[in-house]
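See structure below.
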Protein chains: 2
Amino acid sequence: MPSPTKKSVPAIDEVDTSYLETLIGYNARRAALTVISQFVEHMAVYGLNPVEFSVMSVVVHNPGVTSRQLCAALNILPPNLVGLVQLLENRRLIERKPHPHDGRAVGLHPTQIGEALMAKAEVTARELEIHTCSKLTPNQIQTLVTLLQKIYL
Amino acid sequence: MPSPTKKSVPAIDEVDTSYLETLIGYNARRAALTVISQFVEHMAVYGLNPVEFSVMSVVVHNPGVTSRQLCAALNILPPNLVGLVQLLENRRLIERKPHPHDGRAVGLHPTQIGEALMAKAEVTARELEIHTCSKLTPNQIQTLVTLLQKIYL
DNA sequence: TATTGTTATACTCTATAACTATA
DNA sequence: TATAGTTATAGAGTATAACAATA
């Protein structure tokens, strides 16, 4: 008489993901998705998703930056930036001005509204770090940032 | 007479992304994209993208796992897993068998072909870690994994 | 000839609602 | 009534090719 636990096709009680959890790629992706979903949630009050936030941030810290420079800095493809810039311009967060010495290029500048919005948004982003990394000490957060940059920079 | 550098609308020589580089979310996303693009490149020989690799890995290490369990473990929505499972089944990498004591569920099992493929793919994935993290010591890789898990687990 | 910005478009990934079969 | 698997579909994100204007 077979014991009750003997089955030719057993069921899985708890899924073992220990192998995947040893891989950098798996952990980086899972962590990034967690951080980003919290970012989306808390930045909704400013009407900014992560990409819009980073574009605005680069424009505020680099007034006059061109689309090409933005694309290179943020790893965005030029066709995908066009609609983004138009959206931010329509919201009066940025302005497009002629480039000082390249007739092909256009400089992107923050408006007063854009600067005011980002001043608040960047404070929120900083507070969000603490919340997202609540299980990490400030020292560990700094270590994490340093190690991540060694991968992509 | 104005100096040549005096411009009302100056150009940006080099884009300053130092603010964004202090944010966990920005770094996690950029690092994840770098790691994943290398993974895609090196796993193409097996015909597996990152999601297919993780599904296959969980099935191999948890024979009989159900779709629901897979979804919960890998953070995939059930409708998006359906096509994935069909694809892997068509490639004879997994098999669907009746669940031992739940008529609604279906157990996913690796075939011999699937197990053989994943044995090789997991070796490649391990080698890829070393390549992707060439600027990190084994100790730093371990630290990075631990810190990332504190965020999403 | 090369580059900036742009349009059009396709492909992938992700998300939601609703259905069926079973518990 | 709740859950597993599925279908259909919508939306977001990402990709390539090609064009006009300027360098």
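Each chain gets a letter, A, B and so on, in the order its sequence line appears, and its residues count up from 1.
Contacts between residues 60-70 of chain A and DNA chain C, defined by a heavy-atom separation below 4.0 Å, involve A:Thr66, A:Ser67, A:Arg68, listed by number. Near-neighbour residues of DNA chain D inside residues 91-99 of chain A, defined by a heavy atom below 4.0 Å, are absent.
Using modelled atom types, one finds a donor on one side chain and an acceptor on the other under 3.5 Å when comparing B:Thr132 with B:Gln38. A side-chain donor from one of A:Tyr46 and A:Thr124 sits under 3.5 Å from a side-chain acceptor of the other.
Applying the side chain to side chain donor-acceptor pair (under 3.5 Å) test to A:Thr17 and every residue at least two apart in sequence or in another chain returns A:Glu21. Contacts of B:Gln69 classified as side-chain contact (heavy atoms from CB on, under 4.5 Å), with partners at least two apart in sequence or in another chain: A:Ile12, A:Val15, B:Val65, B:Thr66. Under the side-chain contact (heavy atoms from CB on, under 4.5 Å) criterion, B:Val106 pairs with B:Arg96, not counting sequence neighbours. Residues passing the side-chain contact (heavy atoms from CB on, under 4.5 Å) test with A:Thr146 are A:Gln142, A:Lys150, sequence neighbours excluded. Partners of B:Asp16 according to the salt bridge (Lys or Arg N to Asp or Glu O under 4.0 Å) rule, which considers only residues two or more places apart in sequence or in another chain, do not exist here. Residues forming a salt bridge (Lys or Arg N to Asp or Glu O under 4.0 Å) with B:Arg104 (at least two apart in sequence, or on another chain): B:Asp102.
As rounded to whole Å, 16 Å separates atom P of D:dA12 from atom CZ of B:Arg29. As a whole-Å value, the separation of A:Ile36 CD1 from C:dT14 P is 11 Å. Separating the CD1 atom of B:Ile76 from the C1' atom of D:dG5 is a distance of 15 Å, rounded to the nearest angstrom. Regarding B:Leu81, its CG atom lies at a distance of 13 Å from the C1' atom of C:dT14, rounded to whole Å.
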- Note on the structure: Given protein heavy atoms under 4.0 Å, the one-letter contact record of nucleotides 15-23 of chain D, with B base, S sugar-phosphate only and - none, is simply BBB----BS

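Sorted by first and then second residue, the ring pair (Phe, Tyr, Trp, His ring centres under 6.0 Å) pairs with a member in residues 66-92 of chain B form an empty list; sequence neighbours excluded. Annotation: ring pair (Phe, Tyr, Trp, His ring centres under 6.0 Å) contacts involving residues 110-153 of chain A, sequence neighbours excluded, comprise A:His42-A:His131.
Minimum atom distance to the side chain of A:Asn49 is reached by D:dG13, of the listed C:dG5, D:dG13, C:dC13.
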Check residues 71-89 of chain A and write down every donor-acceptor pair under 3.5 Å in which the side-chain atom is one partner and the other belongs to a residue at least two apart or another chain.
none

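If you check every strand for non-hydrogen atoms under 4.0 Å, B:Val51 touches nothing.
OP1 or OP2 of D:dT7 lies within a sub-4.0 Å distance of a side-chain N or O belonging to B:Gln86.
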